[in-house]
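A short worksheet on the structure shown next.
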Amino acid sequence: MTLLSATDITVRDGAARLVAPVSLELHPGEPLVILGETGSGKSLLAQAIMGTLPASLRATGTVRIGGCTLLAEDRAAFRGLWGRQIAVLPQEPWLSLDPLMRAGPQVAEAHRLVAGLPAAAARNRAAEELAALGLDTAAARYPHELSGGMAQRVAIAAARAGGASLVIADEPTKGLDAARRDDVAALLLAALTRSGGLLVITHDLALARRIGGRLMVLRDGAVVETGATSAVLSAPQAAYTRDLIAADPESWSRRVAPSEAGQAVLEARNLTLSRGGQRLVDGLTLELRAGRILGITGPSGCGKSSLGDALLGLLTPERGHITRARGLAPTAFQKLWQDPVAAFPRTRRLGQTLRDVARLHAAPPERIGGLLERLRLDSALLSRRPAAVSGGELQRLALLRAMLANPRFIFADEPTSRLDPITQREVIGLLADLARTDGLAIALVSHDPVLIDRVCDETCSLPMKRGEHDTLECSDLLRTAIG
Amino acid sequence: MTILVSRLVQALVVALLVGAATFAMMRSLPGDAAWRIAAGRYGYDNVNAAAAEAVRAELGLDGPWLGAFLQWMGDLFRLDFGVSLVSGQPVIAEIGHQLGASLWLALAAVGLSLVIGPPLGILAGLRPGSLFDRTLLVVSTALKAVPQFLMALILILVLSVQLGWLPAAGYGQPRHFILPAFALALGLAAVNARIARDAMAGVVAMPFYDFAQWKGLSRAQVLWRHGLRNVSVPLLTYLGLQFVLLVEGVVVIESIVGWPGIGHALVHAVFARDVPMVQGTALMLGLGFVMVNALIDLLAARIDPRGAR
Amino acid sequence: MTAISLPRALPAGRTLGAAILAIVAVFALLGPVFVPGDPFAQSLMKSLAGPEPAAPFGYDHLGRSLWHRLAHALRLSPLIALAAVATAGAAGLVLGTLAALRGGWTERALVVLADALLALPGLLLVLIVLAIMPGTATGFWAGLSLVLWVEFFRLTRATARATLASPAAQAGRLLGFGWPYIFRTHLWPEIAPLMLTAAAFGTATAIMGIAALGFVSVGMRAPTPELGLMMVELLPYWREAPMALLTPVLATFALLLGLTLLAGGHRT
Amino acid sequence: GTTLDVAAPFEIQSPEPSTTGHIFTRMGIAETLVDADPQGRLLPGLATEWSVSEDGLTWRFTLRENVLFHDGTPMTPATVAGALEIARGKPGPLASLPIAALTPEPGALVIALGEPVAALPAFLAEARAQILAPAAYGPDGQAVAVIGTGPYRVTSLTPPLSLRATAFPEYWGAQPNVPAVTYTAVGRAETRALMAESGDADFVFTLDPATVTRLSRSDAVEIMSVAIPRSLLLKVNAAHPFLNSPEARRALSLAIDRAGLAQAVLRYPQGADQLFPPAMGDWHNPALDPLAHDPDAARALLAGLGWVPGPDGILSRDGQRLALTLTTYPDRPELPLVAAVLEQQFRAIGVELTINSTNSSEIPAGHQAGTLELGLLARNFALIPDPIGTILSDYAPGGDWGAMGWQNAEIAALAQALSRGEGGDAERARIAAILQEELPVIPIAWYQQTLALRTGIEGAVIDPWERSFGLPGLRFAE
Ligand SMILES: Nc1ncnc2c1ncn2[C@@H]1O[C@H](COP(=O)(O)OP(=O)(O)OP(=O)(O)O)[C@@H](O)[C@H]1O
Ligand SMILES: Nc1ncnc2c1ncn2[C@@H]1O[C@H](COP(=O)(O)OP(=O)(O)OP(=O)(O)O)[C@@H](O)[C@H]1O
Ligand SMILES: [Mg+2]
Ligand SMILES: [Mg+2]
Ligand code: NI
């Protein structure tokens with residue numbers, strides 16, 4: 001018996017085919033995990049199955065849910081399934097809750113209006129469910145007062161309140177650290193009853209292992225491999241899947257530290273940082289030497305980026321000194337941003353931007369070509385704008401841009417958090433190369449302890465301060481996203 | 001709390017600005033104030049050198065600059081606006097009378113415009129690019145292109161002369177409000193329909209709006225429970241700004257329907273060089289704007305707890 | 001990778017807007033060439049007479065050809081409005097960028113000033129400026145600029161703050177670029193579309209503002225053909241010659257519609 | 001209804017007679033010692049009769065008995081003297097009179113003059129000479145309430161736009177037919193017309209030309225109009241180097257198409273062919289050569305003065321363009337219109353005109369400062385019901401609203417004599433002739449007063465002296 005079966009789903013944007021015919025089945029009690037390259041069509045596939053594609057795209061194929069068969073192009077037909085048959089768990093849970101309504105009512109309204117409970121009963125049910133998820137106090141709070149994990153749980157409760165047995169979750173752990181990731185996985189599995197279904201899209205192999213069930217690997221809109229999750233992960237058949245699994249930091253070999261330490265490029269002594277009236281870093285002392293990689297870890301919102309800003313002189317420390325090695329140009333200190341798209345001028349072609357930098361630093365134009373080759377980038381990319389190249393490519397272009405300024409130090413702020421494992425390995429590998437060959441000092445920020453362990457010569461772990469960092473960080477996200 | 005403090009600072013600066021600007025500008029106006037005041041008082045048939053001299057002697061208009069300015073600001077901060085140069089009545093009493101008339105008119109107009117504009121705008125915003133959306137764009141542009149005096153005239157012609165439902169002009173009874181308020185409201189509605197439309201289109205594009213539907217709520221339920229709530233915040237913020245636009249309309253409408261309000265008084269005061277009246281009126285309008293916006297800030301903060309801006 | 005799902009119809013709207021404006025401009029510039037005539041020449045005996053070949057839109061109350069008056073009005077009114085909008089836009093851009101760049105007291109002072117100016121009815125400001133320079137185009141330009149700059153300032157400041165704090169601008173600074181480069185490549189592309197929308201609305205506000213002032217007898221000086229003034233002049237004859245009155249109203253409508261469509265879509 | 005609603009353009013500033021008195025007399029609330037009939041003949045008002053001494057210096061006004069103010073207090077010689085004493089302390093016609101003393105005597109008021117003023121009773125018929133009760137005035141002489149003696153008593157006064165009044169039961173004369181009246185100030189002529197049409201106002205005062213044509217076709221209202229002693233004229237700075245010869249002024253006059261203006265713009269049957277309109281009775285001189293329209297003659301006159309046309313058709317002389325600024329005011333909507341027409345008609349003879357439509361005070365102020373070049377204005381010759389008052393102040397020798405930079409000893413002597421009560425028709429005709437010859441001001445049109453009356457109201461009479469609406473005489477027809 002199948003809960004859902006989708007046959008020959010394609011998605012087109014005009015003439016361009018974004019998802020090739022893909023078929024899949026969901027069975028009761030057995031989760032399905034979809035892995036794949038960035039931009040391979042995972043989200044579009046899920047959206048086509050749920051009838052939630054953006055209006056500009058066209059889908060074909062058939063979807064059978066429960067007793068009825070629907071045509072993928074007939075979006076209106078899916079309406080009746082939402083909430084009652086399919087619980088849709090969106091990618092960004094804190095953006096999915098109405099910012100102006102308290103959490104409780106957002107769950108209760110589905111009980112009342114979808115499941116048809118009377119108002120008082122709906123309120124009680126919502127309160128019970130939230131309490132069961134460990135959220136007794138959250139019911140009366142607004143979304144911006146919830147942490148990411150809390151918002152995630154509220155969204156799950158709200159999505160399922162209508163009584164749907166089938167849960168579809170698109171990257172539910174994006175941007176979360178390991179502990180929080182496991183919480184979410186546990187929650188999704190707990191919601192999966194014997195007769196229910198679960199479909200999870202992710203880049204994260206650890207999450208895939210936790211979920212189990214069956215696995216499907218996508219690339220360029222087509223299925224590369226399917227099978228039981230544990231089987232595929234332990235014995236991948238397709239080459240791409242093998243690469244993917246091999247690219248997991250878990251399987252990286254540890255970097256060999258250069259024998260002799262270079263000279264100090266940057267020193268921070270007794271550094272104390274505060275932001276928004278909150279002490280983030282207290283009396284930190286560190287030294288960055290040429291050719292060495294310093295790992296910086298710590299939970300979300302603990303001040304990793306802020307520390308970088310202070311080291312680069314973008315943020316004035318409350319106390320302490322930062323000394324740069326004598327004789328280095330101000331532009332010898334560069335940064336790689338967490339989100340590379342945001343770090344390029346939106347409207348300018350990439351080539352133009354790079355040429356501007358080369359001209360400013362009196363670098364010969366051939367230098368760009370040389371670096372492109374070294375970073376294994378196609379020169380055709382230069383005629384595009386930042387939004388039109390992939391994340392991995394852009395991160396490498398960012399590195400290229402920084403290299404044009406002849407840096408001695410690079411602060412790499414979570415440079416791979418949005419990338420799939422293969423692209424992630426490429427970028428990190430490049431950084432390590434640069435440290436070795438060019439003698440760069442690098443500070444690498446990541447929330448993945450394994451990655452840090454494999455690459456870095458030494459580690460600086462920022463502790464989580466007491467207080468409500470969690471909440472604050474979420475509210476920041478909300479504000480930038482909505483405000 | 002910070003809302004109120006920042007608005008308080010704004011109010012203070014408004015007062016200073018009004019004080020200094022009215023004083024400086026009215027002093028630097030071309031021509032002679034005594035003459036203008038005399039014309040305002042005695043009318044064009046009777047203004048002559050003797051009348052201007054009498055005014056000059058009575059008001060001591062030839063005093064030195066600085067002393068007059070300091071005296072002026074001092075009085076201003078004691079909320080003593082002095083006496084209207086034209087009518088001889090205390091400014092505060094005149095304004096008190098007129099402000100009431102204008103305020104009710106303005107409120108009636110805003111109320112009416114809210115009944116007309118946002119519902120249409122929301123309907124259009126739900127389906128951006130639809131025929132209804134485009135029609136609304138054309139109609140609201142047309143409403144903006146008809147000057148308010150013409151709008152008032154058309155309404156009088158239809159509602160009073162042809163249908164005989166409403167009085168053409170006058171002041172005093174509730175029925176006198178309807179026509180001028182309507183004339184003002186149509187212009188405002190044209191604009192706030194656009195605002196509501198854009199806000200609604202924005203809200204519809206938000207992930208939470210989709211998510212609410214994915215929970216299983218019907219379109220109407222989502223609109224009612226999530227759409228309106230989220231549209232109301234930008235609409236409310238815009239409403240605060242609208243009071244400034246309203247002043248322009250009020251001036252025109254008041255002079256066409258014979259409404260004893262502050263806009264009408266303002267025009268007369270500027271012409272007659274009635275400095276205390278101009279200052280009092282401008283200050284009242286400015287402070288009124290600040291107050292309305294403080295209220296709106298508070299209200300918006302209640303609806304939207306994420307903190308102002 | 002959020003998909004930009006602005007309706008495809010939008011560029012069509014823009015094209016239509018541009019087409020309307022082009023027609024208006026062609027009429028304004030070439031109308032008097034197609035049908036030669038003088039916007040000031042009166043023939044009292046033709047007062048409010050209907051159209052004829054020499055005056056395709058008929059005559060106004062003083063027997064002047066509406067065709068020619070309208071063509072000239074469609075040069076003057078948009079000119080004043082655009083000049084005011086340009087000045088206000090430039091001032092708003094400079095001060096807004098300055099506020100976002102300098103921060104601190106400069107920013108606070110400018111914000112308070114803009115807020116306070118906003119609290120004063122624009123009409124009052126224009127009235128006072130006009131009392132100093134009565135009835136001249138310069139007076140309107142000055143008064144309207146004073147009113148309009150606040151919006152451009154607010155817009156620029158908000159965008160500039162966000163943009164300057166963005167990783168892209170930070171990267172530019174780190175790479176050693178100067179402010180002019182940052183302004184050109186980062187700020188301006190973000191601000192320009194917003195400015196366009198605000199400018200379209202500002203132009204509409206200015207044109208209607210001039211009309212409203214004409215109504216309280218502080219408009220342009222008498223024989224000058226100007227849209228607002230034409231409406232005010234023809235108002236007394238609304239029943240005798242409704243088409244004469246509607247002529248400037250329809251022209252204003254076309255102008256506003258063109259501007260609205262052209263600028264459309266960039267409102268968030 | 002039992003209430004008669006009046007709509008008129010004048011705003012109520014305050015209870016003060018010096019600024020708003022004309023509304024109170026028009027509405028039949030306050031009265032003056034002397035009254036006037038439509039022909040300008042003086043009639044008894046609060047004074048029943050008056051006489052003057054041989055030397056013309058002492059006037060005696062016998063006061064009406066049993067007159068009560070609206071507050072119930074009786075009118076006495078002392079209260080009358082007090083009211084007039086306050087009135088002449090304020091700007092107005094009374095202030096210009098050589099009054100030596102105002103003495104209350106039993107049953108009468110005696111006015112002693114420093115020199116003879118034959119028109120004194122006419123001065124006392126002016127609205128600002130209205131008699132209010134002592135309680136109407138504050139300690140500084142400013143009126144704080146309207147307590148008059150007229151047939152209507154104020155029940156509410158709400159400046160700037162409205163006033164209500166009801167019949168005063170103890171009025172000394174006949175009770176009015178209409179028991180209650182209201183007054184609404186409506187500045188826009190269009191609105192007033194629509195109020196007449198929609199029935200919101202029963203009596204609408206002052207209609208604009210365009211409205212008259214339209215309303216006269218309506219059954220709901222009746223239009224009445226009468227010629228009034230008011231002229232639309234061009235005030236000329238005769239001291240200006242371009243305008244200091246009578247030929248130059250005559251050229252300007254010849255450039256004006258008065259008939260066209262009157263018909264198309266003002267919609268009157270005819271333009272002015274001399275300064276004084278027929279409504280001024282004795283002052284109108286039918287024997288004068290009418291002013292004509294002849295642009296060719298105008299050009300010839302200017303050429304005779306040494307002006308030659310430039311490339312753009314504008315004349316110039318010694319390198320100076322014949323460019324002048326015309327100052328006018330929008331309070332009367334027809335003035336800017338006429339100015340626009342003049343601009344074209346003057347251009348036709350090579351004179352460039354810049355129109356400055358501004359506050360009305362700019363004309364007298366420009367006169368005083370000597371900076372005015374041309375002023376377009378509407379002059380009321382009947383500020384008091386005897387035009388000699390206005391003639392004296394405007395042309396003997398010159399005045400804020402009259403001749404500028406122009407003096408004529410003969411006119412001055414004639415006017416002084418008339419004012420003293422010496423001379424008659426011959427002197428008046430001579431004054432008119434001199435003005436026609438010299439053109440210190442250029443007449444353009446004579447005015448008509450028009451009003452709209454709701455159909456079914458009877459007994460209306462328009463007062464050409466603009467003193468009264470004649471409300472007590474009105475009746476609602478059955
Ligand atoms: N609305 C759209 N219009 C046109 N193309 C789109 C649209 N949405 C997505 N795409 C394109 O379709 C492809 C697949 O997108 P999709 O979002 O499904 O990728 P994904 O596998 O979910 O990637 P990620 O892991 O980055 O979320 C991408 O190349 C993307 O650029
Ligand atoms: N511009 C700012 N003004 C005030 N507070 C800020 C600012 N930027 C960040 N913060 C606060 O400082 C704290 C640390 O932020 P930071 O970005 O350094 O954290 P992080 O460790 O990099 O977190 P993440 O892993 O989410 O990137 C957070 O609580 C955040 O809310
Ligand atoms: Mg995706
Ligand atoms: Mg960070
Ligand atoms: Ni008025």
Side-chain angles (χ1 to χ4, degrees), chain B residues 6 9-18 21-22 25-26 28-30 128-129 134 137-138 140-142 144-150 153-154 157 187 194-195 198 201-202 205 241 244-249 251-252 255-256 263 266-267 270-271 273 278 281-282 285-290 293, chain C residues 5-10 13 112-113 115-134 151 158 201 204-205 207-209 211-218 227-228 231-232 235 238-239 245 248-257 259-261 264-265 267-268:
Chain B
S6 77
V9 173
Q10 191 192 353
L12 259 163
V13 176
V14 166
L16 263 169
L17 214 63
V18 168
T22 48
M25 287 174 170
M26 299 306 275
S28 63
L29 281 170
R134 282 178 223 178
L137 177 86
V138 173
S140 62
T141 310
K144 271 196 293 183
V146 178
Q148 267 154 330
F149 50 86
L150 191 56
L153 210 70
I154 295 171
L157 189 66
R194 296 299 304 158
I195 301 287
D198 289 341
L241 294 179
V244 166
L245 284 185
L246 201 58
V247 173
E248 185 176 306
V251 167
V252 169
S255 60
I256 208 159
L266 182 64
V267 175
V270 170
F271 277 106
R273 294 274 204 120
V278 171
T281 321
L285 288 174
L287 294 184
F289 175 82
V290 174
N293 276 279
Chain C
S5 62
L6 285 176
R8 287 275 146 82
L10 213 128
V112 165
L113 180 72
D115 271 2
L117 269 180
L118 191 68
L120 291 183
L123 196 79
L124 178 72
L125 286 176
V126 181
L127 265 179
I128 293 181
V129 173
L130 278 177
I132 298 175
M133 304 184 232
E151 182 172 356
F201 276 74
T205 310
I207 291 176
M208 294 321 287
L213 284 161
F215 183 74
V216 289
S217 315
V218 253
L227 289 175
M231 295 183 211
V232 175
L235 185 65
W238 58 271
R239 195 171 273 183
L245 173 58
V249 174
L250 289 177
T252 313
F253 170 62
L255 205 58
L256 297 197
L257 187 66
L259 284 169
T260 314
L261 287 175
R267 308 219 89 194
T268 40

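Only a predicted model underlies this, so the values are computations on that prediction, with no experimental measurement involved.
Looking at L285(B), the atoms closer than 4.5 Å to chain C (heavy atoms on both sides) sit in the backbone and in the side chain alike. Using a 4.5 Å cut-off between heavy atoms, L153(B) touches chain C through its side chain atoms alone.
In this structure, CG in L259(C) is found 10.0 Å from OG1 in T141(B), a value given to the nearest 0.5 Å. Here the straight-line distance linking atom NZ of K144(B) with atom CG of L257(C) works out to 10.0 Å at 0.5 Å rounding.
Ranked by heavy-atom pairs under 4.5 Å with chain C, the first of V138(B), V9(B), V290(B) is V138(B). In terms of heavy-atom pairs under 4.5 Å with chain C, the best-connected choice from L246(B), L287(B), L150(B) is L150(B). Among the candidates L113(C), L250(C), V232(C), L255(C), the residue making the largest number of heavy-atom pairs closer than 4.5 Å to chain B is V232(C). Ranking L118(C), L245(C), T252(C) against chain B, the residue ahead of the rest is L118(C), based on heavy-atom pairs under 4.5 Å. Across I256(B), L16(B), L157(B), T281(B), the residue that shares the most heavy-atom pairs under 4.5 angstrom with chain C is L157(B).
At a threshold of 4.5 Å between non-hydrogen side-chain atoms, the residues I154(B) and W238(C) do not count as touching. Inter-residue side-chain proximity for L137(B) and T260(C) is flagged as met; some heavy-atom pair is nearer than 4.5 Å.
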TODO: Verify side-chain contact (heavy atoms from CB on, under 4.5 Å) between V14(B) and D115(C), making sure each step is shown before the conclusion.
DONE: CA-CA 8 Å; V14(B) 166; D115(C) 271 2; over 6 Å; no

Task: Trace of the side-chain contact (heavy atoms from CB on, under 4.5 Å) decision for V146(B) with V249(C) - done: CA-CA 6 Å; V146(B) 178; V249(C) 174; 4.2 Å; yes

